[in-house]
Amino acid sequence: MTLTLFADLGLLIILLGLAIITAFARPAFVAVAAYMAYGLVMALAWVRLAAVDVALTEAAIGSGLTGMLLLGAVAWNQRQTEAHPRRRQIRLQVPATHPLLIIVVAAVCAGVSAVLAWVVVTLPEPPTLQVEQVRLALPATGLGNPVTGVLLAFRAIDTLLESVVLVFALVGVWSLADDAAWGGRPRSLRLVQHSHALTLLGQLLPPFGVLMGLYLFWAGADAPGGAFQGGTLLAAMWVLALSAGLAKVPAVSNRQLRLLISIGSLLFLAIGLAGWAGGVGFLGYPAGWSKALILIIEATLTLSIAVTLGMLVAGRPHRALPR
Amino acid sequence: MTELAVFGGKQLVVLALIMPLLGALLAFTIGGRTARWIALLTALVELVVVVSLAWIVVDQQIVVEYQLGGWEPPLGVRLRADGATVLVLLTATVVMTATMISAHADWQPLPDQHETRAGLVFWTLLPALWAAFNTVLLSQDLFNLFVALEILTFCAVPLVCLNGKAETFAAALRYLLFALLGSVLYLLGAGLIYGLWGTLDIGLLALEISKLNRYPPALSLALGLMTAGLMAKTAIVPLHLWLPPAHAGAPAPVSAILSAVVVKAAFVVLLRLWFELMPGSADTMVAQTQGVLGGLAIVLGGVLALRQSRLKPMIAYSTIAQMGYLFLVFPLAGAASAWGAGLLHLCSHALAKAALFLAAGQIITHFGDDRIDHLAGLGHVMPLTLLAFGVAGFSLMGLPPTGGFVAKWWLLQAAIETGHWGWAVPILFGGLLTAGYVFRVLAVALRPAATPALAASTVPHTANAMILLLALSSLLLGLAALGTGLPPQ
Amino acid sequence: MVASTWFGLGAALIIGLSLFQVIINPEPLRKVLAFNLLGSAVFVLFGVLARRGGGRIDGVAFADPVPQALIITGLVVAFAATVLAVALVLRLLQAECATQDHDTECRIDD
Amino acid sequence: MLFTDLYTYSLVGLGALFFCTGTIGLLRFPDSLSRLHALTKADNLGLGLVVIGLLPQTHWPLGAMKLIAVWLLAVLASTTVGQMVGEAIRRGVPFR
């Protein structure tokens with residue numbers, strides 16, 4: 001017991017160190033790299049908090065995709081600054097960076113930390129929260145993983161909205177394109193310099209990655225995993241193939257692409273509405289059908305999430321299609 | 001027995017939420033020239049759904065509840081529509097539908113084009129935003145509200161920079177960062193509340209809290225964090241900096257939606273937190289602070305609106321001032337009329353503000369200038385648009401018998417009833433400021449043009465009709481409220 | 001103190017310092033990064049609460065599944081926010097660049 | 001029982017030692033290429049030793065296969081990254 005506490009404290013110290021580097025390191029590149037490491041260590045912390053589903057999501061989305069995105073942005077910014085040294089940096093200033101204001105903000109933030117810490121220590125004896133209710137209701141869904149049960153049955157509306165969030169975020173990213181580029185492809189993810197090693201990885205890894213992604217979705221019904229974790233892994237494999245130059249980013253006007261992006265949410269909505277016909281209401285599953293329906297929803301969601309995440313990483317359309 | 005044969009209130013509550021969502025997804029998937037028609041069709045269907053729902057709720061005097069998936073809270077999520085909800089729902093529906101119809105000809109593809117960027121984005125994100133707003137109104141679950149507020153932000157931000165001008169990107173980014181800060185604080189508060197009672201359902205939480213003799217400090221902290229977060233999203237005074245550039249820089253139909261609908265979402269959540277979870281909190285420090293900030297917003301927003309030289313920034317600053325009135329509801333909550341006053345003000349401001357922004361949009365497009373000093377001759381060229389602008393302006397000022405008047409009258413009554421006379425000062429002073437900036441525009445616009453008369457108005461009739469409809473709705477709302485008797489109990 | 005409480009304390013600390021960076025740091029990309037840190041710490045605090053509601057069955061630790069599901073949703077929503085923010089920052093940088101250097105082209109893909 | 005534990009301790013300890021030397025190399029070697037060399041070599045060997053050490057502690061055969069797969073994937077990833085960083089250095093990208 002003490003040994004694991006020791007390990008946990010070690011984990012915590014590493015986390016804190018990485019968080020401080022992320023927040024305060026001067027070079028942006030170092031900060032983002034620290035954040036990616038922070039995300040991976042955080043995934044371990046989630047395992048220690050007995051939340052393996054969260055650990056998988058954190059590693060895939062929180063650390064991997066977010067880190068990749070930020071790293072790309074920082075690198076671009078750095079190249080631009082080197083190419084145009086006189087360029088004015090964009091600064092989102094608080095009204096005045098008066099030292100007094102900084103002290104006040106620091107005091108408020110320290111206060112928030114202190115009060116939260118105090119709440120963490122003094123919060124009353126562990127209530128059972130919803131552990132019991134979920135355990136009793138879970139058999140009705142036919143699922144073995146309570147987290148999937150919450151995501152796709154009890155709180156299906158959250159998950160439906162979560163899947164459309166990605167679609168609308170993608171529309172938001174696309175909306176930043178130049179009018180002339182509309183309908184075209186996002187910039188190629190292919191690295192400027194050709195690398196044989198990357199090409200080899202791009203050929204070798206995807207079969208295993210895709211298998212793993214599908215496994216994560218399939219296992220999600222009864223063990224940690226699910227559509228979001230599986231979809232992210234599939235997206236990562238697609239992005240790998242794209243950056244190795246083995247595939248081309250589709251154009252945003254592509255009908256099939258749009259359908260692939262929205263099909264997960266649309267099918268989720270359709271099955272939800274079919275609940276009325278089945279007499280169990282919107283987002284309800286008829287008895288005996290729930291596991292099958294949930295798996296169908298998750299399968300399409302996995303596909304849609306994978307395509308949407310890949311397109312989100314690729315960014316806004318950049319070059320118009322030749323007429 | 002007005003129960004419809006196929007759809008009862010329960011189904012209508014769900015449809016009110018998912019129709020716009022479905023419309024947005026289909027508009028995105030099919031795209032092209034069809035996207036616009038899908039969105040407009042969605043708006044019409046939604047109008048029918050919401051009117052039917054409102055009819056059922058008001059006529060039968062019932063509260064409609066729906067447990068999604070059949071799962072009872074705390075496990076599941078519940079939708080709920082009472083009289084207040086359907087009033088706001090109906091207002092948002094009218095604003096949305098009118099704005100969509102008035103903007104129906106914008107961003108059309110050229111003959112050789114398949115679709116335009118702005119067109120697809122507008123016709124996809126506007127229904128999506130609508131779905132998110134309806135979820136904010138209907139959902140009873142604190143976390144579901146968080147997701148809905150986030151979708152609202154993600155849809156609103158790209159719309160701010162829809163016309164692709166460099167300065168609007170900065171405005172959109174600032175808006176996004178403020179909104180995200182608000183969400184994160186809100187989420188932190190919601191997490192603490194879950195830790196206390198193991199539920200996120202507002203109804204169940206209200207029950208738990210009503211059993212307490214004294215509030216646990218963690219609850220105060222949670223509510224404080226959530227309130228701070230939501231105040232950042234409603235642009236109340238020290239946190240208002242993001243609003244004017246975003247609302248003024250966006251294309252006019254988007255400005256109308258942002259000012260009329262989007263900023264209200266966080267306020268509705270705030271209302272429910274304080275009125276449903278912590279009733280009787282009118283005399284607490286927090287409520288007093290909210291009132292003081294509201295008063296400051298009224299004065300500061302009004303003064304800054306007066307100092308603007310352009311029409312749209314002026315209307316945007318006026319939103320800050322008008323949101324200030326809403327925050328006076330908290331210290332006056334002890335009076336019976338405060339709740340009704342807040343609700344009425346929210347709705348009449350939504351209608352009036354949408355009319356103002358849409359009118360400003362038509363003025364920019366067809367008069368070619370939105371500098372207030374250059375508006376001479378406008379009354380001659382665009383009489384109907386100016387008429388609508390005037391009627392909406394009267395409601396904003398609080399001239400009888402508009403909705404704005406009745407709301408402010410009820411607020412004053414609440415101030416008198418609770419004995420807190422001091423709150424009457426910002427209410428009355430704010431009215432004067434509003435009169436100042438509205439009359440300034442009208443005075444210039446009614447002057448004959450210095451240059452020879454411009455060509456007669458070319459404003460499309462549908463657009464004018466929609467703007468007038470919105471302005472008149474704000475007026476009628478006042479008459480209807482007066483008809484129900486003063487003040488509501 | 002149990003380990004999860006220590007994680008809770010750590011999260012409280014990270015919330016404070018990332019909140020400071022979110023408010024004070026003027027560089028947009030650093031602000032976005034600080035937001036991610038802040039969000040992640042808020043989730044940990046939530047997760048610590050989940051752990052309190054959990055326990056051990058047959059020697060395997062488990063936690064309240066509801067906050068876990070909420071955190072997964074939250075992570076996806078936070079990712080969407082980051083994507084949008086980064087896209088906006090890049091667009092803004094490019095627009096600034098174009099207005100300041102008329103002679104050199106500012107391209108996003110070079 | 002005791003023997004397998006002893007075996008695991010010694011091999012995992014040896015693996016940890018490789019990680020330590022690799023890290024020292026990363027910190028102390030003069031130029032990027034040799035630092036890269038220290039890092040990748042030590043990681044592959046260190047991780048390999050840790051995996052071999054842990055094999056008797058897992059369920060045969062699935063658990064063991066998972067461990068070996070982890071090692072193979074890590075080797076694949078670090079080889080590719082090492083190669084790409086090396087190529088970048090040769091092109092003259094400044095690394096510090």
Side-chain angles (χ1 to χ4, degrees), chain A residues 90 92 95 112 115-116 118-119 122-124 127-131 133-134 137 150 153-158 160-162 164-165 167-179 181-183 252-253 255 258-259 261-263 265-266 269 272-273 275-276 280-285 317 323, chain B residues 11 14 18 21-22 24-26 28-31 66-71 74-77 114-118 120-121 124-125 128 131-132 135 139 141 143-144 147-148 150-151 154-155 157-159 161-162 164 169-170 173-174 177 188 192 194-199 216-218 221 225 241:
Chain A
I90 291 167
L92 296 169
V112 169
V115 179
L116 281 174
W118 177 72
V119 166
T122 59
L123 214 59
T128 54
L129 304 178
Q130 289 187 24
V131 177
Q133 284 135 336
V134 172
V150 176
F154 312 139
R155 301 182 65 96
I157 182 75
D158 279 348
L160 175 63
L161 292 179
E162 178 190 2
V164 300
V165 161
V167 179
F168 299 142
L170 184 60
V171 177
V173 170
W174 286 359
S175 81
L176 298 170
D178 290 328
D179 277 315
W182 185 253
V252 304
S253 58
R255 280 274 174 85
R258 296 223 185 141
L259 187 63
I261 287 165
S262 61
I263 188 78
S265 311
L266 280 172
L269 209 52
L273 284 169
W276 267 332
V280 284
F282 179 63
L283 288 178
Y285 306 110
R323 287 267 167 89
Chain B
Q11 284 82 354
V14 175
I18 59 172
L21 197 60
L22 190 62
L25 285 172
L26 288 178
F28 168 75
T29 312
I30 296 168
Y66 193 90
Q67 291 172 357
L68 289 165
W71 303 102
L75 208 51
V77 175
H114 172 59
E115 70 183 9
T116 61
R117 176 190 63 85
L120 182 87
V121 173
T124 302
L125 291 188
T135 312
S139 177
D141 185 277
F143 186 79
N144 197 237
V147 179
E150 290 286 75
I151 300 182
F154 298 162
C155 294
V157 167
L159 287 174
C161 48
L162 192 62
F169 294 128
L173 184 62
R174 202 175 283 266
L177 292 177
L188 189 51
L192 289 176
Y194 183 85
L196 283 167
W197 288 289
T199 177
L221 175 65
L225 288 168
L241 291 170

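Computed from heavy atoms alone, side chains included, the values below leave out hydrogens, waters and symmetry copies. All of these numbers come straight from a predicted model, not from anything done at the bench. Order of the sequence lines sets the chain letters (A, B, ...), proteins ahead of strands, with each chain counted from 1.
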*Are side-chain heavy atoms of B:Cys161 and A:Leu176 found at a separation under 4.5 Å?*
yes

*Measure the CG-CG distance between A:Leu160 and B:Leu68 for me, rounded to the nearest 0.5 Å.*
9.5 Å

_Spacing of B:Phe28 atom CZ and A:Ile261 atom CD1 [to the nearest 0.5 Å]_ = 4.0 Å

_Test item: A:Arg155 side-chain N/O and B:Gly76 main-chain N/O as donor-acceptor pair under 3.5 Å_ = no

*Calculate, to the nearest 0.5 Å, the distance between atoms CG and CG belonging to B:Asn144 and A:Asp158 respectively.*
4.5 Å

_So for B:Thr116, is it side chain, backbone, both, or neither that comes closer than 4.5 Å to the heavy atoms of chain A?_
backbone

_From A:Arg258 atom CZ to B:Thr124 atom OG1, the distance as rounded to the nearest 0.5 Å_ = 7.5 Å

*Result of checking A:Tyr285, A:Phe154, A:Phe282 against B:Trp71 for ring-ring contact (aromatic ring centres under 6.0 Å, His included)*: A:Phe154

*Determine the sole option in B:Thr135, B:Val14, B:Val77 for which the side-chain contact (heavy atoms from CB on, under 4.5 Å) test with A:Ile157 is passed.*
B:Val77

_For A:Gln130 against B:Pro74, the heavy-atom pair lying closest together_ = NE2-O, 3.3 Å

*asked:* What's the separation between atom CG in B:Leu22 and atom CG in A:Leu269, rounded to the nearest 0.5 Å?
replied: 5.5 Å

_Nearest-0.5 Å distance that lies between atom CD1 in A:Ile263 and atom CG in B:Leu25_ = 10.5 Å

